[in-house]
Engineer: 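Let me begin by handing over the structure; questions about it come next.
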Protein chains: 2
Amino acid sequence: MESRKIYNRIAILRLEMGISRKELAEKVGVNFQTIGYIEREEYNPSLDLAFRFCDVFHQPIEFVFSTSPQKPLSQLIQENK
Amino acid sequence: MESRKIYNRIAILRLEMGISRKELAEKVGVNFQTIGYIEREEYNPSLDLAFRFCDVFHQPIEFVFSTSPQKPLSQLIQENK
DNA sequence: ACACATTGTTGTATATATACAACTTTATGT
DNA sequence: ACATAAAGTTGTATATATACAACAATGTGT
């Protein structure tokens with residue numbers, strides 16, 4: 001299968017949490033460099049790892065990951081008004 | 001990372017749709033044997049493939065996949081009454 | 001200017017997901 | 001009983017995700 005690229009909001013969610021990649025890596029249980037690859041969307045996380053991110057951020061998969069590019073959070077908020 | 005097993009309702013959702021593994025495989029774009037491996041939970045689908053299943057079943061990721069064993073649908077219905 | 005933390009880059013190694021083929025087993029219909 | 005479809009088994013090959021190391025680049029605080 002030609003695997004599609006999955007987009008994510010991990011970098012923003014991590015920044016809003018005020019933690020480094022190293023700290024996030026410890027929380028989800030992967031190498032800190034793996035966080036870099038995923039934030040840059042150089043490859044997709046496994047389904048298991050995706051669930052771990054959602055646990056840390058307290059968000060559903062569909063909010064953190066999507067098959068089309070993510071809108072900025074600021075824009076999402078305006079739309080909901 | 002020691003990848004956790006992810007549970008899924010693919011077999012049941014497929015049966016309710018009345019299609020074979022071969023047909024489901026065509027819809028999501030993988031080999032029909034891959035469907036078998038995933039239904040038996042011998043390995044986890046990629047995040048991309050997980051999204052494709054959800055498209056076919058019109059269900060959110062969290063309903064189709066979970067980190068703890070899935071309850072039978074019949075039981076879910078009773079709980080919501 | 002210096003130290004230090006954070007991120008990006010390159011390279012290698014391993015684990016896991018997916019494809020594909022051949023064969024067996026189980027079910028279904030006639 | 002036979003034919004056929006569907007599902008499971010075993011094996012090999014390839015692609016992708018993850019780990020890890022070493023080093024470069026960038027930023028931040030003092």
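In what follows, chains carry the letters A, B, and so on, assigned in the order in which the sequence lines appear, proteins first and then strands, with residues in each chain numbered from 1.
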Engineer: Rounded off to whole Å, could you give me the CD-to-P distance for the B/E42 and D/dA7 pair?
Structural biologist: 15 Å
Engineer: Backbone N or O of B/P72 within a donor-acceptor pair of the B/R9 side chain at under 3.5 Å?
Structural biologist: no
Engineer: Tell me if a side-chain donor or acceptor on A/R14 pairs with a main-chain N or O of A/F57 at a distance below 3.5 Å.
Structural biologist: no
Engineer: Would you say B/F32 ends up clustered with B/I19 if hydrophobic residues are merged whenever their side chains have heavy atoms under 4.5 Å apart, either directly or through other cluster members?
Structural biologist: no
Engineer: Is the base of D/dT9 touched by the side chain of B/Q33 through a donor-acceptor pair closer than 3.5 angstrom?
Structural biologist: yes
Engineer: For the pair made of NZ in B/K22 and P in C/dA27, what is the distance, rounded to whole Å?
Structural biologist: 21 Å
Engineer: Specify the separation, in whole Å, of atom CG of B/L24 and atom C1' of D/dA7.
Structural biologist: 14 Å
Engineer: Between atom CZ in B/F32 and atom C1' in C/dC20, what is the gap in whole Å?
Structural biologist: 9 Å
Engineer: Just compare C/dT18, D/dA19, D/dA7 and give me whichever is closest to any side-chain atom of B/S20.
Structural biologist: D/dA7
Engineer: Given 3.5 Å as the limit, does a donor-acceptor pair link the side chain of B/Q78 with the main chain of B/Q75, or not?
Structural biologist: no
Engineer: From C-beta outward on B/S46, which listed nucleotide comes closest to its side chain: C/dA17, D/dA17, D/dT10?
Structural biologist: C/dA17
Engineer: Roughly how many Å is it from CD in A/E26 to C1' in D/dA19, rounded to a whole number?
Structural biologist: 15 Å
Engineer: Is the distance from OP1 or OP2 of C/dT7 to the nearest side-chain N or O of A/R14 less than 4.0 Å?
Structural biologist: yes
Engineer: Give a yes/no on whether any side-chain N or O of A/T34 is located under 4.0 angstrom from OP1 or OP2 of D/dA19.
Structural biologist: yes
Engineer: State whether the side chain of B/N44 and the backbone N or O of B/R4 hold a donor-acceptor pair below 3.5 Å, judged by distance alone.
Structural biologist: yes
Engineer: Over how many whole Å does the gap from A/I38 atom CD1 to D/dA17 atom P extend?
Structural biologist: 9 Å
Engineer: How many whole angstroms separate atom CZ of B/R40 from atom P of C/dT16?
Structural biologist: 18 Å
Engineer: Take atom CG of A/N31 and atom P of C/dA13, then tell me their distance rounded to the nearest Å.
Structural biologist: 17 Å
Engineer: Does OP1 or OP2 of C/dA17 have a side-chain N or O of B/N44 closer than 4.0 Å?
Structural biologist: yes
Engineer: What's the closest nucleotide to the B/Y43 side chain, out of D/dA7, D/dT18, C/dA17?
Structural biologist: C/dA17
